[in-house]
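Below, each value reflects all heavy atoms present in this structure, side chains not excepted, and no hydrogens, waters or symmetry copies. Starting from 1, each residue takes its place in the sequence as its number.
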Amino acid sequence: MTQEQSVALAAGFKALGDPVRLRLLSLVASHLDGEACVCDLVGAFDLTQPTISHHLRVLRDAGLVTSTRRGTWVYYRVVPEALTALTGIIALPSVAAR
């Protein structure tokens with residue numbers, strides 16, 4: 001693993017270390033067509049829309065989601081390659097099993 005890869009993976013894991021962001025990622029990934037508007041996500045939390053937007057920005061900055069603005073709303077979509085990279089690290093076979 002290169003230094004750059006480890007930095008990117010650490011940022012992804014750090015972003016997912018917050019329960020709200022973990023739930024947001026799950027909601028976006030499971031949403032119809034794999035894309036969710038902030039307006040679709042706010043109702044699932046006892047948080048304000050700006051707080052939800054902040055958490056989504058952290059996920060976007062970590063490369064876990066992308067966003068597209070349509071009118072006044074922003075739509076989020078999971079980046080499959082980023083999730084594959086994170087799960088690939090977790091799914092590594094243990095050294096003891098070799």
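- Residues passing the salt bridge (charged side-chain N to carboxylate O under 4.0 Å, His left out) test with Arg60: none are found, sequence neighbours excluded.
- Evaluation of the salt bridge (charged side-chain N to carboxylate O under 4.0 Å, His left out) test over residues 21-40, restricted to residues two or more places apart or in two chains, returns Glu35-Arg70, Glu35-Arg77.
- Judged purely by atom type and a 3.5 angstrom limit, Ser26 has no side-chain atom pairing as donor or acceptor with the backbone of Leu22.
- With rounding to the nearest 0.5 angstrom, the NE2 atom of His31 is 9.5 Å from the OH atom of Tyr75.
- Residues passing the salt bridge (charged side-chain N to carboxylate O under 4.0 Å, His left out) test with Arg69: none are found, sequence neighbours excluded.
- Residues that satisfy the side chain to side chain donor-acceptor pair (under 3.5 Å) test with Thr48, not counting sequence neighbours, are Thr51.
- Counting only residues at least two apart or on different chains, no salt bridge (charged side-chain N to carboxylate O under 4.0 Å, His left out) pair has a member in residues 3-15.
- A heavy-atom distance below 4.5 Å is found between the side chains of Leu24 and Leu56.
- Residues forming a side-chain contact (heavy atoms from CB on, under 4.5 Å) with Ala82 (at least two apart in sequence, or on another chain): Leu64, Val79.
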**Request:** Carefully, step by step, assess Glu81 and Thr84 under the rule side chain to side chain donor-acceptor pair (under 3.5 Å).
**Result:** CA-CA 5 Å; Glu81 300 83 12; Thr84 299; over 6 Å; no
**Message:** Run Phe45 and Val20 through side chain to side chain contact (heavy atoms under 4.5 Å, CB included) and show every step you take.
**Reply:** CA-CA 8 Å; Phe45 298 89; Val20 171; 4.0 Å; yes
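- Atom CH2 of residue Trp73 and atom OG of residue Ser67 lie 14.5 Å apart, to the nearest 0.5 angstrom.
- Summarising the geometry, atom CD1 belonging to Ile52 is positioned 4.5 Å from atom CG belonging to Leu47; distances are rounded to the nearest 0.5 Å.
- Looking at heavy atoms from C-beta onward, Leu59 lies in side-chain contact with Leu16 at the 4.5 angstrom threshold.
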**Asked** Could you walk me through whether Val74 and Thr68 pass the side chain to side chain contact (heavy atoms under 4.5 Å, CB included) check?
**Response** CA-CA 6 Å; Val74 178; Thr68 306; over 6 Å; no
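- Considering all non-hydrogen atoms of both residues, Ser53 and Val38 come closest at OG-CG1, 3.9 Å.
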